[in-house]
Amino acid sequence: MKIIITQKEAVDKGIWTEIMGMFAVTKEDEVWQNEEFILTEEQARQVGLLR
């Protein structure tokens with residue numbers, strides 16, 4: 001299973017820092033609010049999206 005989350009959703013859920021680390025996004029990178037990130041099931045569990 002794949003989980004898609006946008007940058008805005010990650011910020012709203014308080015997991016943006018973890019998503020940044022998973023995808024090697026730095027603070028200097030330009031990221032749009034509607035930019036999507038595709039997580040594996042394991043990654044989604046790691047950040048608390050799945051139990």
| query | Under a 4.5 Å side-chain heavy-atom rule over Ile, Leu, Val, Met, Phe, Trp and Tyr, are F37 and W32 clustered together? | reply |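 They do not share one cluster, since no chain of ILVMFWY contacts under 4.5 Å joins F37 to W32.
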
| said: Please report the interatomic distance CD(E35) to CD(Q7), rounded to the nearest 0.5 Å. | reply: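 Output value for this atom pair is 8.0 Å.
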
| Could you state the interatomic distance from CD1 (I5) to CG (L49), rounded to the nearest 0.5 Å? |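 Answer for the CD1-CG pair, I5 versus L49, is 5.0 Å.
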
| task | Considering only Ile, Leu, Val, Met, Phe, Trp and Tyr, and joining two whenever side-chain heavy atoms are under 4.5 Å apart, list the other residues clustered with I4. | result |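 Under the 4.5 Å side-chain rule, I4 groups with I38.
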
| Closest heavy-atom pair and its distance - R51, R45 |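 Smallest heavy-atom distance, with atoms named: O-NE, 3.7 Å.
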
| Minimum-distance pair of heavy atoms, taken over all atoms of I3 and A44 |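 In this case the closest contact between I3 and A44 is CG1-CB, 3.7 Å.
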
| Is there side-chain contact between K2 and T40, with heavy atoms separated by less than 4.5 Å? |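 Touching, per the 4.5 Å side-chain cut-off.
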
Only distances under 3.5 Å count here; give the side-chain donor-acceptor pairs of residues 9-25 to other protein atoms, sequence neighbours excluded, each with its distance to 0.1 Å.
from: E9; atom 1: OE1; to: T6; atom 2: N; distance (Å): 2.8
from: E9; atom 1: OE1; to: T6; atom 2: OG1; distance (Å): 3.4
from: D12; atom 1: OD2; to: K8; atom 2: NZ; distance (Å): 3.0

